[in-house]
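Okay, so here's the structure we're looking at.
To find a chain, count down the sequence lines: A is the first, B the second, and so on, and within it residues start at 1. Please read all numbers here as calculations on a predicted model, not as lab measurements.
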Amino acid sequence: MDTYELLTRNAAEVVTEEEVEALAEDPDGKRAYVGYEPSGVLHLGHLLTANKLIDLQDAGLDVVVLLADVHAYLNGKGSFEEIRDTADQMKEQFLAYGLDEESTDFVLGSDYQLDDDYELDLHELELATSLNRAQRAMAEIQGGETAKVSHVVYPLMQALDIEYLDVDVAVGGMDQRKVHMLAREELPSLGYEKRPAVHTPILGDLETGEGKMSSSEGITISMEDSTEDLQEKVNSAFCPRTRDPEGDLVNPVLELFQYHVFPRFEEVVVERPDEYGGNLEYDDYEALAADLESGELHPADAKGALADYLDDLIAPGRERLREIRGE
RNA sequence: CCGCCCUUAGCUCAGACUGGUAGAGCAGUCGACUGUAGAUCGACUUGUCCCCCGUUCAAAUCGGGGAGGGCGGACCA
């Protein structure tokens with residue numbers, strides 16, 4: 001796989017392709033970043049962007065993981081103490097999941113976001129940005145709660161982070177795209193360069209297959225799920241015998257194979273009782289999806305395999321969580 | 001600073017005028033049917049009625065106070 005493909009595979013959007021191509025020419029020493037509001041337990045949403053970070057590391061880039069304690073605070077997630085506590089746990093889980101310790105820099109937002117020069121730049125950005133624009137950028141990130149002044153400061157800080165962390169590319173889910181677009185538009189007016197962005201898709205709801213609907217709320221798979229939890233959750237997932245269900249729906253089981261399993265495993269073995277034809281082996285997502293579509297692969301067998309592979313992916317983080325909690 | 005409206009199940013809301021400790025839709029749970037899930041049937045569950053005080057035999061409902069949210073007016077020094 002060539003470098004550009006590694007940088008952009010499974011991305012929902014690349015802004016812009018030209019800029020990322022340039023990055024792919026000479027990736028060594030370049031820096032990529034994702035910001036996360038600290039969370040005590042990682043879920044698949046976190047891991048999806050983490051997969052992209054692993055791709056970037058494989059391509060030779062250094063990765064900055066911003067543990068955005070100030071952002072979490074601005075978004076009403078609790079006191080600084082509580083938030084920083086979960087930030088440590090988050091770091092540990094990312095490392096357990098497979099981020100390379102050597103080329104990953106974990107940075108706490110409050111380490112630099114309270115400095116004078118940062119604050120003054122922030123005020124300049126506030127001056128340059130309409131309320132409307134900032135609110136729209138934040139709409140997908142904040143909960144349905146009442147908009148506070150903190151909510152419009154939040155995306156402006158994200159824009160500044162791109163400069164202050166000195167990164168060459170910003171990574172995030174599609175829910176972050178308006179923030180990144182705002183950053184690209186406004187950073188130059190502060191005398192800084194705009195950076196490209198790579199956006200991962202927002203996967204469909206596991207239970208319903210609904211795509212762009214409400215974020216989070218549905219059943220989500222996390223680092224603290226037991227093997228049995230995974231089997232149960234995956235088994236109850238929406239999974240028609242097609243890769244392209246009617247309407248706006250998607251097949252979440254296939255999505256998990258595509259975005260979580262195949263990027264991390266060379267080969268996928270679907271164990272199947274002899275009465276149904278014995279085991280199946282796949283070395284890429286397309287082959288598996290095609291078999292589901294044709295009927296060669298039954299959804300129930302696909303689910304069994306999915307649960308197993310997800311369990312493998314989560315096991316180290318689950319173990320680390322246990323250690324941290326002293327169990 | 002003044003005024004108006006809202007707050008009831010996880011969600012959207014009805015019920016309030018004419019007091020008798022609460023309902024619908026959706027969601028959720030469980031079964032049946034499919035070698036998965038969904039769809040479809042069948043059954044079931046769900047509540048500090050925002051908080052406090054008062055009136056009353058009895059308050060989601062009436063009165064007073066408070067909190068949170070939405071909106072408007074005024075001020076424009």
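- Comparing the C1' positions of B/A22 and B/U45 gives a spacing of 16 Å, expressed to the nearest Å.
- Straight-line distance between the C1' atoms of B/A14 and B/A60: roughly 12 Å, to the nearest whole Å.
- The pairing partner recorded for B/G63 is B/C53, the criterion being a Watson-Crick or G-U wobble arrangement whose two distances lie under 3.5 angstrom.
- Taking atom CG of residue A/Leu206 and atom P of nucleotide B/G38, one finds them 11 Å apart after rounding to whole Å.
- With C1' as the reference atom, B/U55 and B/G69 are 29 Å apart, rounded to whole Å.
- One atom, CD of A/Glu207, and another, C1' of B/G28, lie 10 Å apart when rounded to the nearest Å.
- For A/Lys148, the listed nucleotide lying nearest its side chain is B/G69; candidates were B/G35, B/A37, B/G69.
- A/Glu232 has its CD atom 14 Å from the C1' atom of B/A37, to the nearest Å.
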Begin from the C-alpha positions of A/Thr86 and A/Gln89 and carry the test side-chain hydrogen bond (donor to acceptor under 3.5 Å, both in side chains) through to its verdict.
-> CA-CA 5 Å; A/Thr86 63; A/Gln89 296 175 35; over 6 Å; no
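- A gap of 8 Å separates the P atoms of B/U48 and B/A9, to the nearest Å.
- Using a 4.0 Å cut-off between charged side-chain N and carboxylate O, A/Lys30 and A/Asp26 make a salt bridge.
- Pairing for B/C75 is absent, judged as Watson-Crick or G-U wobble with the two contacts each under 3.5 Å.
- Pairing of B/G68, defined by two Watson-Crick or G-U wobble distances under 3.5 Å, is identified with B/C6.
- Checking B/U48 for Watson-Crick or G-U wobble geometry (two distances, each under 3.5 Å) identifies no partner in any strand.
- Across the protein-nucleic acid pair, A/Lys233 atom NZ and B/U29 atom P stand 12 Å apart, rounded to whole Å.
- A/Glu185 has no carboxylate O lying under 4.0 Å from a charged side-chain N of A/Lys178, or vice versa, which leaves the two without a salt bridge.
- In this structure, OH of A/Tyr276 is placed 12 Å from C1' of B/U34, rounded to the nearest angstrom.
- When rounded to the nearest whole Å, the span between CG of A/Asp301 and P of B/U36 equals 11 Å.
- Remark: B/C13 base-pairs with B/G23; criterion is Watson-Crick or G-U wobble with both hydrogen-bond distances under 3.5 Å.
- Here the separation of B/A59 from B/A16, taken at their C1' atoms, is 11 Å to the nearest Å.
- Considering only the side chain of A/Phe238, B/A37 comes nearest among B/A37, B/G35, B/U36.
- Remark: B/C41 base-pairs with B/G31. Criterion, Watson-Crick or G-U wobble with two distances under 3.5 Å.
- Rounded to the nearest Å, the gap between the C1' atom of B/U8 and that of B/C51 is 14 Å.
- B/G25 and B/U61 are spaced 26 Å apart, taking the P atom of each and rounding to whole Å.
- For the pair A/Cys239 and A/Ala147, both in contact range of RNA chain B, the more 5′-proximal nearest nucleotide belongs to A/Cys239.
- Look at CD1 on A/Ile221: it is 14 Å from C1' on B/A37, rounded to the nearest Å.
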Can A/Phe257 and A/Tyr282 be said to form a ring pair (Phe, Tyr, Trp, His ring centres under 6.0 Å), step by step?
-> CA-CA 11 Å; A/Phe257 269 112; A/Tyr282 300 99; 8.2 Å; no
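- Between A/Leu249 atom CG and B/A37 atom P the separation is 17 Å, expressed in whole Å.
- On the C1' atoms, B/G20 is 39 Å away from B/C41, given to the nearest whole Å.
- Criterion: ILVMFWY side-chain heavy atoms under 4.5 Å apart, direct or through other members. Under it, A/Tyr276 and A/Leu297 are not part of a common hydrophobic cluster.
- For A/Arg9 and A/Phe262, the positive end is not near the middle of the six-membered ring at less than 6.0 Å and at most 45° from its axis.
- Each of A/Thr208 and A/Val234 lies near RNA chain B, and the nucleotide nearest A/Thr208 is the one positioned closer to the 5' end.
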